[in-house]
Every structure is written in C-alpha cells, then in structure tokens.
Amino acid sequence: MACQQSRYRSFSSASRLQPQPSGVTIDESFITENKSTQKCKLLQKRRTLTGQFSMGGHLSPWPTYTSGQTILQNRKPCSDDYRKRVGSCQQHPFRTAKPRYLEELENYLRKELLLLDLGTDSTQELRLQPYREIFEFFIEDFKTYKPLLSSIKNAYEGMLAHQREKIRALEPLKAKLVTMNEDCNERILAMRAEEKHEISLLKKEKMNLLKLIDKKNEEKISLQSEVAKLRKNLAEEYLHYLSERDARKILIADLNELRYQREDMSLAQSPGIWGEDPVKLTLALKMTRQDLTRTQMELNTMKANFGDVVPRRDFEMQEKTNKDLQEQLDTLRASYEEVHKEHEILMQLHMSTLKERDQFFSELQEIQRTSTPRPDWTKCEDVVAGGPERWQMLAEGKNSDQLVDVLLEEIGSGLLREKEFFPGLGYGEAIPAFLRFDGLVENKKPSKKDVVDLLKDAWKERLAEEQKETFPDFFFNFLERRFGPSDAMAWAYTIFENIKIFHSNELMSQFYAVLMGKRSENVYVTQKETVAQLLKEMTNADSQNEGLLTMEQFNTVLKSTFPLKTEEQIQELMEAGGWHPSSSNADLLNYRSLFMEDEEGQSEPFVQKLWEQYMDEKDEYLLQLKQELGIELHEEVTLPKLRGALMTIDPSLDKQTVNTYMSQAFQLPESELPEDSDEKEEGVVEILQTALERLQVIDIRRAGPREPEPAN
C-alpha cells in the first residue's frame with residue numbers, strides 16, 4: 001500500500017512540474033506502466049488481498065437481498081455524504097454484514113482515491129487506475145467468469161484508447177478553426193471598413209452630382225429665358241425685314257416706270273428713225289414675202305420627198321440595237337438548248353430517284369417493323385432530379401443525340417456526388433502536370449455554380465497577369481493560392497472531373513479544351529474581345545443610352561463589325577437576337593440582354609450563335625486550305641506549299657500572321673522559320689492531317705475576302 005501511495009504521489013508531482021498544453025491529453029506513459037511490471041504487481045496484490053480477505057481460501061457469501069445496497073457510490077471518501085453513510089451503518093449494526101473481501105476492496109479503493117485527491121493535478125485517467133486494479137482482482141479471483149470479464153475490460157480499454165486518439169486528432173482542427181475564425185473576422189472587418197469608405201465616397205459623389213444638377217437646372221432656366229427673348233427679337237426683326245422687302249419692291253417698280261418713261265421720251269425726240277422712204281420700205285416688204293413663199297414651197301417639197309426617210313444616226317442606232325438583240329437571242333437559244341438537255345437529264349434522274357424513293361420507303365417500312373422503336377424521352381421526367389419541369393427545360397430544342405448528352409451529364413454528376421475519393425493517376429509523362437499524384441484524393445463535391453465561379457476567377461486572374469507559364473501550371477498555382485498547397489491537388493481532381501462531364505456548359509467545355517491543349521487560350525480571349533467590341537459598337541449606336549436599338553441599327557452594327565459574314569449569317573444572328581421575319585425595322589431590341597450569362601455561366605443564344613459561326617468558319621477555312629493543296633490527309637506537305645495555299649485562299653493575310661500559322665503547323669519557333677526565298681523551306685515537311693489538327697487548336701480565321709474587290 002505504501003508502494004502504491006508513493007507511486008501516485010510521484011506521478012502527481014511529476015504532472016505538476018511538467019505543464020501540459022491546453023486541450024492535449026496526458027501521455028499514456030504517465031498513466032500506465034510496463035505491462036510486465038504491472039502484471040507482477042497486480043499478481044502480488046491479488047495474492048495478498050486473497051490471502052487476507054477470503055475466509056478459509058473461499059470467497060465469503062453475501063445474501064442476495066442486500067444487493068440493493070450501494071457498494072461504493074461516486075463520492076469522495078472525505079465528503080459529508082460519505083460520513084453520513086458510515087454513521088448510519090454504525091447505528092444499525094443488526095443489518096447483515098458485508099463480506100470481508102468486499103469491505104477490504106472498498107477500503108482499498110477509498111484509500112487509493114484519497115491519495116489521488118491529495119494532488120491538485122489529478123486527471124480522470126489517474127482516477128480510473130484504482131478501478132482497473134479492483135477489476136483485475138475480480139478477474140483473477142473469479143476463474144469461471146475470467147474470460148468474460150477480460151473481454152469486457154479489453155473492450156472498454158480499446159474504446160478509451162480510441163477516444164484518446166480521436167481527441168488528439170481533433171485538437172489541431174480546433175486550433176485551425178480558431179485561426180480561420182480570426183481570419184474571417186479580420187476579413188469581415190476589412191470589408192466593412194472598405195464598404196464604409198466606398199459609401200462615404202458615393203455620398204460625396206451624390207452631393208456633387210446633386211449640386212451639378214441644380215447648376216444645370218439653373219443654366220437651363222436662364223437659357224430658356226434667353227431663347228424666349230431671342231424669339232421675340234426674331235419676330236420683331238422678321239416684321240421689320242418684311243416691311244423693308246415690300247418697300248424695296250415698290251421702289252423697284254417706281255424705278256422701272258421712270259426708266260420706261262425716259263425711253264419713250266428719248267424715242268419721241270429722235271427724228272432719224274421715222275424719216276426713211278415709205279416706197280423703199282414697201283418694196284422691201286414685197287421681196288421678203290416672196291422669199292417666204294419660196295422657202296415654204298421648198299419645205300413642203302422636202303417633207304413630201306423625205307417624210308418616210310429615217311435619219312442616218314437613228315438608223316445606225318437601231319441597227320446596233322437590233323444586232324445586240326440578235327446576239328441575246330442566240331445566247332438565249334443556246335441556253336434554252338442546254339436547259340432543255342438538263343431538263344431531260346433531270347427527268348431521267350427524277351425517275352431514278354422515284355425508284356430509289358420507293359425502294360428506300362419499302363426498306364424503311366421493313367426497318368421500322370424490325371428495328372427498336374424511338375425512345376420515349378418523357379420517361380426521364382421522373383428520373384432526373386427536379387422533376388418534369390427541369391427535364392422540359394433541359395430537353396427544350398434538343399435532338400436525340402443532344403438529349404443523350406444531357407442524360408450522360410445528369411448520370412455523371414450523380415455518380416460524381418456519390419464519390420468520396422478519386423484514385424490518383426500516377427506520375428506518368430502522359431498525365432497532365434496538375435494531376436500527377438499517387439494515392440486517393442478527396443472529392444470536394446462543389447456545386448455546378450461553385451465550379452463556374454471558380455473558373456471565371458481563374459480566367460480573370462489569367463487575363464490580368466503576364467502569360468509567362470503554361471496554362472496547366474497556372475491552373476495548379478491558382479488552386480494553391482486559392483486553397484493552399486494541401487488542398488490544391490484535391491481541388492484539381494474535383495474541377496477536372498466536373499468539367500470533363502459537363503460538355504453542354506460553354507464555359508466548362510472551353511476551359512477543359514484549353515486545359516488539355518485541344519484549344520489555344522487565345523481562342524477564348526479573342527472570342528471575349530469580339531463580344532466586348534460588338535457590345536461597344538452597339539452602345540455607341542445607342543445615342544440615347546437607353547439600352548435599346550432598332551432592328552435596322554442592329555443589322556447595321558452587325559454588318560460593320562463582321563464585314564466578312566454573309567447575309568445568311570447576319571440573318572441567323574438577328575434571329576438569335578430576337579428578330580422575326582414578321583418584325584419591322586422600327587421594333588426596338590434590348591441589346592444588353594443579349595450578352596448576359598446565367599449563374600452557371602451559360603450565355604444567351606446570340607453569343608452561342610456567334611461561337612457556332614466562328615467554329616463553322618474555322619472548319620470551312622481549313623477545308624478550303626486542304627482543297628487548295630489538293631493532296632490527301634496522309635500525304636506530306638512542305639512549308640512553302642502550305643504558305644502559298646494560305647496566301648491563295650486568303651490574300652489579305654500579313655506576313656506576321658502567316659508566320660504564326662506556319663510556326664504552329666510545323667512546331668517551329670517563328671525565329672527559326674526559313675525565309676520565302678530560302679532553299680531550306682523545301683526540307684521542312686509535315687503530314688497534312690497533323691498540320692491541320694495543329695491549326696485547329698489556335699485562333700485561325702479569314703483576314704479578308706478570297707478575291708479582292710476591284711478598285712473603282
């Protein structure tokens with residue numbers, strides 16, 4: 001017993017001398033001793049207690065009707081309640097006495113607990129040690145129940161060890177939670193201070209604007225008064241000049257009357273005019289009349305002789321017109337003959353087509369009879385999350401192939417939410433750098449909106465900084481800056497799996513293509529710049545700044561921004577923007593709504609149509625390039641031949657752009673490209689299919705029309 005007391009006192013003093021960190025449990029080395037030593041001590045105690053406490057080598061019986069009495073309550077030995085219980089026992093000695101073994105065990109337990117209570121730093125672990133020893137005594141003495149009691153003890157000991165490990169594991173998380181709480185509080189305070197500063201600035205700006213409005217109103221009132229005054233002056237001046245005009249006309253009439261009177265007076269005063277011989281004048285009149293009669297006769301003769309004659313100039317003109325009409329007639333006859341022949345060929349083709357149609361119709365009936373019926377897509381309404389309303393929204397305007405993609409996305413997203421971990425892909429060279437990891441990676445399970453917001457933040461940061469690193473390296477560094485190095489790999493796998501599933505989401509599919517190297521990031525940047533430039537042009541056309549444009553203005557802006565698009569493409573854009581054939585040019589369009597995005601990053605149909613036209617134009621451009629080269633996809637193409645084909649289909653390309661295309665197609669730096677006249681160009685070759693696939697990655701588009709317009 002003295003040994004036990006010294007052992008607990010030494011442990012208590014050691015625990016007092018060594019301060020324990022808050023929230024950390026005491027090391028098990030201070031609680032339990034070496035198993036062999038403990039076992040020996042327990043055996044020694046058991047023998048001693050067995051020899052002392054048992055009666056004749058056998059356990060003393062105790063009546064069962066006394067089992068209701070409490071052997072040992074959870075009371076301290078020195079407490080008042082305990083003294084009362086002892087006193088009550090002494091006052092009633094006629095009750096059945098407890099077995100000696102039980103009393104000795106209780107006394108032993110009280111002494112051990114009293115020794116533990118003497119220390120000020122005793123813990124719950126130390127308080128359990130006496131109970132362990134008492135339980136060991138029972139296990140050793142009750143041979144029959146020893147296996148059951150040992151299993152019970154081991155179960156409780158295992159659970160206590162598990163709880164201790166769990167507490168140790170949760171302590172760092174508690175400290176981390178406190179640190180994160182402090183950081184969040186600091187951020188909230190900083191944001192509140194910043195908002196307060198912005199609010200004060202906005203209030204000042206509001207007051208300045210109100211003062212400016214008052215000033216402008218005053219200027220408006222003064223200008224209105226000046227305008228009224230000027231109108232009054234203008235009316236007075238108008239009346240003045242009107243009277244001046246009338247007076248001037250009267251003065252001119254008076255002056256003309258005076259001039260005529262002066263001329264009459266001058267003619268009356270000159271005697272030379274009326275002094276000529278009347279006989280001479282009569283003779284002259286007679287000769288003049290004879291000349292008039294002769295001229296009249298000649299004129300009648302000319303009319304009689306040449307009345308039906310056409311002038312030579314008119315004849316030559318009619319002859320030329322006749323010749324032109326004859327040539328047109330010959331041309332039309334030849335065209336008619338060709339059209340007649342084509343008509344006969346088409347009639348033959350029509351008859352063969354009718355036969356093929358009948359054959360295909362019979363085959364179709366046979367296929368419909370034997371083939372699987374078309375799927376009933378309405379069955380998906382009860383399966384897809386969100387019910388019939390969400391399925392109708394997802395299936396609107398989509399064909400069967402697109403509906404299959406929608407179902408795959410829904411199934412994939414459901415499986416993705418069920419996954420707790422992703423298997424690492426390893427460290428192979430074919431594995432992207434941001435996915436190189438071996439082991440299990442936690443699935444962060446973000447929502448689709450969270451993924452879209454994260455991708456938008458990544459694009460903003462990418463466009464704001466200088467592009468010195470590759471896009472995959474930037475993406476992983478961005479995740480490290482956002483979530484820390486410990487969670488960056490988990491977020492990389494989570495984002496990668498999400499964007500790989502959602503092909504119908506424009507932002508996710510483009511980010512996945514850029515991340516995997518299937519598309520250059522310049523394609524995304526150029527497309528965003530094009531959309532921003534189009535919005536700027538529409539804003540400039542909106543003189544009232546009301547966000548509205550007429551359909552005529554909308555058409556004009558599209559043609560000026562995209563001069564190379566055909567009328568059909570312009571009409572497709574207008575229809576995507578809300579124009580209908582029944583609409584008039586005076587209808588107004590809210591052009592700002594065409595460039596909005598929903599919370600999942602999906603653009604409006606107008607912006608989606610722009611992207612579709614861009615991809616179609618790129619495919620058509622590369623198809624024209626292949627047709628101009630005139631070779632098969634598996635054949636090799638030289639650098640000068642590809643350069644010449646590009647300049648043929650797109651003469652407006654400048655040298656820098658052509659070098660960029662050549663560098664991408666042949667995977668050579670622009671500084672190492674040979675010159676046009678260099679003989680080394682013939683040695684640079686590449687498979688045509690490989691070159692076209694590389695050009696498909698970058699932003700390649702037509703710079704001008706294929707045939708330049710002739711100068712006027």
Side-chain angles (χ1 to χ4, degrees), residues 212-322 324-325 540-546 548-557 559-560 583-588 711-712:
L212 182 61
I213 290 172
D214 295 337
K215 185 178 178 181
K216 293 296 183 183
N217 288 333
E218 292 176 359
E219 292 179 358
K220 179 181 178 182
I221 293 171
S222 61
L223 290 174
Q224 286 178 350
S225 61
E226 290 181 5
V227 168
K229 185 177 179 180
L230 290 173
R231 285 180 177 175
K232 184 178 179 181
N233 294 335
L234 179 62
E236 293 176 356
E237 290 293 330
Y238 177 74
L239 293 175
H240 174 69
Y241 284 116
L242 187 62
S243 60
E244 288 290 337
R245 186 195 65 178
D246 296 338
R248 183 173 177 275
K249 288 182 178 180
I250 294 171
L251 180 60
I252 292 173
D254 293 341
L255 290 175
N256 290 333
E257 184 66 25
L258 291 174
R259 189 182 62 182
Y260 295 151
Q261 291 178 1
R262 185 179 299 173
E263 290 178 356
D264 293 340
M265 291 175 63
S266 63
L267 289 174
Q269 292 175 359
S270 58
I273 298 175
W274 304 102
E276 195 169 348
D277 188 5
V279 177
K280 185 176 180 181
L281 292 174
T282 302
L283 183 60
L285 178 61
K286 183 179 180 180
M287 294 300 295
T288 303
R289 286 177 177 173
Q290 290 178 0
D291 293 336
L292 177 61
T293 302
R294 187 174 60 254
T295 303
Q296 188 70 34
M297 290 175 64
E298 291 178 358
L299 179 60
N300 292 333
T301 304
M302 293 290 292
K303 286 183 178 181
N305 294 331
F306 301 100
D308 298 331
V309 177
V310 178
R312 187 174 186 84
R313 182 180 59 185
D314 295 342
F315 173 75
E316 292 177 352
M317 186 179 298
Q318 292 296 328
E319 186 178 11
K320 183 179 180 182
T321 304
N322 184 33
D324 294 339
L325 292 174
N540 294 336
D542 183 12
S543 58
Q544 302 296 330
N545 197 19
E546 297 177 349
L548 300 175
L549 288 177
T550 62
M551 286 301 176
E552 184 176 0
Q553 291 176 324
F554 186 46
N555 190 359
T556 304
V557 171
K559 288 183 178 179
S560 61
S583 304
S584 63
N585 292 331
D587 291 344
L588 296 179
N712 295 330

If you measure from the Lys or Arg side-chain nitrogens to the Asp or Glu carboxylate oxygens, is any gap between Glu244 and Arg248 under 4.0 Å?
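Salt bridge flag = no for Arg248 with Glu244.
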
CA sep, side-chain torsions, deciding dist, call: Asn555, Met551, side chain to side chain contact (heavy atoms under 4.5 Å, CB included)
CA-CA 6 Å; Asn555 190 359; Met551 286 301 176; over 6 Å; no

Starting from the C-alpha separation in whole Å, work towards a yes-or-no answer on side chain to side chain contact (heavy atoms under 4.5 Å, CB included) for Gln261 and Glu257.
CA-CA 6 Å; Gln261 291 178 1; Glu257 184 66 25; 3.5 Å; yes

Quick one: list whatever passes side-chain hydrogen bond (donor to acceptor under 3.5 Å, both in side chains) with Asp246, sequence neighbours left out.
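By the side-chain hydrogen bond (donor to acceptor under 3.5 Å, both in side chains) rule, Asp246 matches no residue at all.
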
Heavy-atom side-chain proximity of [X] to [Y] below 4.5 angstrom:
X	Y	result
Asn322	Gln318	no
Thr550	Leu588	yes
Arg312	Glu316	yes

Could you tell me the separation between the [atom1] atom of [X] and the [atom2] atom of [Y], rounded to the nearest 0.5 Å?
X	Y	atom1	atom2	result
Leu285	Lys280	CG	NZ	14.5 Å
Glu319	Asp324	CD	CG	11.0 Å
Leu548	Gln553	CG	CD	10.0 Å
Leu292	Arg289	CG	CZ	9.5 Å
Thr293	Met297	OG1	CE	8.5 Å

Give me the atom names and distance for the closest heavy-atom approach of Ala541 to Val557.
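Minimum heavy-atom separation between Ala541 and Val557: CB-CG2, 3.9 Å.
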
Begin with the C-alpha distance, continue with both residues' side-chain angles, and end with the deciding distance and a verdict on side chain to side chain contact (heavy atoms under 4.5 Å, CB included) for Lys216 and Leu212.
CA-CA 6 Å; Lys216 293 296 183 183; Leu212 182 61; 4.0 Å; yes

Derivation and outcome, side chain to side chain contact (heavy atoms under 4.5 Å, CB included), residues Leu223 and Lys220:
CA-CA 5 Å; Leu223 290 174; Lys220 179 181 178 182; 5.7 Å; no

Is the backbone N or O of Ile213 less than 3.5 Å from a side-chain atom of Asn217, with the two atoms forming a donor-acceptor pair by type?
yes

